[in-house]
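For reference, the structure discussed in these notes is given below.
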Amino acid sequence: MRSGREQLSRLLESSSNVRLITQLHSLLIRSGQLTVVDCFFATRLVSSYAKVTSSSVARKLFDEIPHPNSFLWNAILRAHCRAHQWVETLHLFHCMASVPSKMDAYTLPNVLKACAELSLLHHGRAIHAVVVKSDRQYTCDMFVAAALVEMYAKCSEMCDAIRVFEGFEEPDVVLWTSVVSGYQQNGYAEKATAFFSKMVFENHLMPDPVTLVSVLSALGEQRDLQRGGCCHGFLIRRGFCLDIALVNSLLNFYAKMGQVKTAKRLFETMLVRDVISWSCMISCYAHNGRPIAALKVYRKMIELGVEPNSVTIISALQACSLACHLQEGRILHELALQKGLELEMSVATSLIDMYMNCSCYKEAISLFYRIPSKDAVSWATTIDGYTKNGFAGESLKLFKVMLLDNKVNPDAVTMLKVIDACSQMGVLCQAHCFHSYLIRCGFSDKVYVGAALIDLYSKCGSLDGAVRVYEGMFERDLVVWSSMIAAYGINGFGKKAVSTFECMIKSCIIPNNITFVSVLSACSHSGMVQEARRIFDSMGRVFGVTPDSKHYCIMVDLLARVGELQEALKLIEEMPKPVDPHVWCALLSGCRLYQDIEMGELVALRLLEIDASYAGYYNLLANMYASGGKWNKAEKVMRLIKERGLIKTPGYSSVLIGNDIRTFLAGGKIHQQEGKIRDMLRGLEVNIVEDLPFDDQEYPLEVAL
DNA sequence: TTAGGGTTAG
């Protein structure tokens, strides 16, 4: 027969809601069993409150006990740890340290955890020194060892973590897992999986769900679908399917691998889903280019009453950003405000990105300036947002502000965004300046920076600059090759682009969809129809790359430009549906050029079926009529634009004059120096004609024409 | 009385 004290203690231990714990607490006070001298029930209560993360109540109770014993001290440390109150944990530990006899092996894991979370490596090392000094008292304790491994791993000191691990002849699964997880969290995916293999195949230890979580993350990083599938099979056989963290990890693995259908199936079979499962699924769709599906999942989650957290909001915002879904984005902004998350760094950055992508740059900027301490990501997002909205000059100004602010160092991505802004401006001297800056900062050796610089120089019209960067690179990846191919292409050197493409294949670099966009558009710019046909045909057949709407668009444009209108139409008919309107536009331009009014009218009809409110389509049609002298029809279409109140976004070009960027809008106000500008243009035309090359050398097509 | 785990921003 159990005593009342023991029964009450067990009841407290099994209580999982605050109300019940509070009732038991009152009962203990009323019955006189909870006194300031009795640490037994105080410890039980503190532990129970900690389980339901009521650390403040636990602390109040603890503070009432004048002489806590080791058990009570450890319980309150754990309560603060569970509540992620790391500073308070350390503070209490220092109070406790004044009574050394109270500290034991149970104390250290909590304190080490706080050190790890606060990245207090020196503190952690000091505690490790205490452990070593204690000889066998703590050194053989596997719990302390696991906490030490975790602390070192969190502080990116994996060598020290391994030394702790190696101090044990027979480490248990938890200790092995700590190391696997440490490697994975520090970005050493291969080491993590190798360590896991050693644990299973050489040491014959059975992994548990926690081990598998870390392994799946590492396999996701390694893009190892096969071994991930083995883990899936294993967890089914071992009956771990109800471990929600493990299944979430598996869900995330399939999401990372782009296996959306498998992730969806897994999500649907989950008996219990928490907010992380839902967030994983939203993020899975958003990251795999299906923002509408992501938002659908988000709405379903809300409908089912699952409370979204900051990660859910971030993932849903990413979907809004991709789908340019401003209305839903604003609702999410309101939700973030209600939850007090608006200025949390990742949420604020996602909001800025969403507003920028939805062309609401003023709202994005206002939010950016309200973030109290900005990080490199928020700066880069805003810089990039300006560029996306066509304000590259503002991007560069903001970058200067970032440097003057001097609180955050720009990272590689920030640099790439600034290069993008420079590319949009297309001003060569600016490109030179920024390139010098990158060399000074030590970023110029990075492969991705090299690729971006090639792109920058080529967009500034300096093919020489692009070639110099390319030739000066020690390492060339797919992106570098693709950038160089594109650089030749946009500067009109189609043959060089194709020969670079062939050289890349000889170097055993497999082209991707972007490489094909570059090489096909290079052919298009130089009128190389046969080469384009050959390369387009090889895409799926030889390289396993399925042509998408961009590739079809380039091919249709190319065929239409050389007058192969029927072949272009045939290609469109072969395309997967729905056909992107840009493809029809390319054909319509060809109809205009070759005055195929009949086909042009049919194409225009298709375009207006897609979007009757887009003024650009009407303009294309009107231009086609005007080119053929069919003024009545052209006028009729233009009248339609006015009647329907449609507005066409004007095209523009810009030029650097002194330190000023001057922008010229198509159809804009007549420039005060228009006469002089036209004289200059006429002069240039004459010079171009006089300088026309007539040998076999390759010259940019635009110039030759 | 104690340990290792899952979702997120450019």
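Below, read A as the first sequence line, B as the second, and so on, with proteins coming before strands; counting in each chain starts at 1. None of the values given here were measured: they were computed from a predicted structure.
Straight-line distance from the NZ atom of A/K256 to the C1' atom of B/dT8: 12 Å, rounded to whole Å. Rounded to whole angstrom, the span from the CE atom of A/M206 across to the P atom of B/dG4 amounts to 23 Å. Here B/dT1 presents its C1' atom at 17 Å from NZ of A/K113, a figure rounded to the nearest Å. Here B/dT7 presents its C1' atom at 15 Å from CG of A/L317, a figure rounded to the nearest Å. Spacing between atom CG of A/N288 and atom P of B/dT8 amounts to 12 Å, rounded to whole angstrom units. Whole-Å rounding puts the A/E117 CD to B/dA3 P distance at 14 Å. Rounded to a whole Å, the CG atom of A/L235 is 13 Å from the C1' atom of B/dG5. In this structure, the CZ atom of A/F253 is 20 Å from the P atom of B/dG5, given to the nearest Å.
Nucleic acid contact for A/S279: base, since at least one base atom lies under 4.0 Å from a heavy atom of the residue. Using a 4.0 Å heavy-atom distance criterion, A/D141 is classed as making no nucleic acid contact. Heavy atoms of A/S178 sit under 4.0 angstrom from primed sugar atoms or phosphate atoms, though from no base atom. A/Q185 comes within 4.0 angstrom of sugar-phosphate atoms only, judged by non-hydrogen atoms across all strands, and of no base. Residue A/I244 is classed as a base contact, given a heavy-atom separation below 4.0 Å to a base. If you check every strand for non-hydrogen atoms under 4.0 Å, A/L246 touches a base. Using a 4.0 Å heavy-atom distance criterion, A/M281 is classed as making no nucleic acid contact. If you check every strand for non-hydrogen atoms under 4.0 Å, A/V173 touches a base. Note on A/T382: nothing from the nucleic acid sits closer than 4.0 angstrom, heavy atoms only. At a threshold of 4.0 angstrom between heavy atoms, the contacts of A/N252 are confined to the sugar-phosphate backbone, with no base atom among them. The residue A/A376 sits close to a base: some heavy atom pair falls under 4.0 Å. No engagement by A/T43 is indicated, since no non-hydrogen atom pair under 4.0 Å with the nucleic acid exists. Among the protein residues, A/T414 comes within range of the nucleic acid bases, having at least one heavy atom under 4.0 Å from a base atom.
With its ring centre under 5.5 Å from that of the base six-membered ring and a plane angle below 30°, A/F143 counts as stacked on B/dT2. By the stacking rule of 5.5 Å between ring centres and under 30° between planes, A/Y106 does not stack on the base of B/dT2.
Classification of the A/Y386-A/Y361 ring pair by plane angle, with boundaries at 30° and 60°, yields tilted.
Of the candidates B/dG5, B/dT8, B/dT2, B/dT8 carries the atom nearest the A/V311 side chain, counting heavy atoms from C-beta on. Set against B/dA3, B/dT1, B/dT8, the side chain of A/V174 has B/dA3 as its closest nucleotide. When distances are taken from the side chain of A/P109 to each of B/dT8, B/dG10, B/dT2, the shortest belongs to B/dT2. Nearest nucleotide to the side chain of A/R78, out of B/dT7, B/dA3, B/dT8: B/dA3.
Counting distance only, with no hydrogens placed and no angle test, the side-chain atoms of A/T349 and the base atoms of B/dA9 include a donor-acceptor pair under 3.5 Å. Applying the 3.5 Å distance criterion, the base of B/dG5 shares no donor-acceptor pair with the side chain of A/D208.
Under a cut-off of 6.0 angstrom, the local environment of CD in A/E268 is crowded, with over 12 non-hydrogen atoms contributed by other residues, nucleotides or ligands. Remark: A/Y188 OH is loosely packed, at most 12 non-hydrogen atoms of other residues, nucleotides or ligands lying under 6.0 Å away.
To the nearest 0.5 Å, the span separating SG on A/C231 from CZ on A/R227 amounts to 8.5 Å. The CE atom of A/M356 sits 5.5 Å away from the OG1 atom of A/T382 when rounded to the nearest 0.5 Å. In this structure, A/Y355 OH and A/C360 SG are separated by 7.0 Å, a value rounded to the nearest 0.5 Å.
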Next item on the list: Any chance you could lay out the ring pair (Phe, Tyr, Trp, His ring centres under 6.0 Å) test for A/F267 and A/Y285, step after step, and finish with the verdict?
Entry: CA-CA 12 Å; A/F267 180 75; A/Y285 279 125; 8.8 Å; no
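Checking the phosphate oxygens (OP1, OP2) of B/dG10, a side-chain nitrogen or oxygen of A/Q318 falls inside 4.0 Å. For B/dG10, the OP1/OP2 oxygens have no side-chain nitrogen or oxygen of A/K388 closer than 4.0 Å. Residue A/N110 places none of its side-chain N or O atoms closer than 4.0 Å to OP1 or OP2 of B/dT2. Using a 4.0 Å cut-off, some side-chain N or O of A/S283 falls inside it from OP1 or OP2 of B/dT8.
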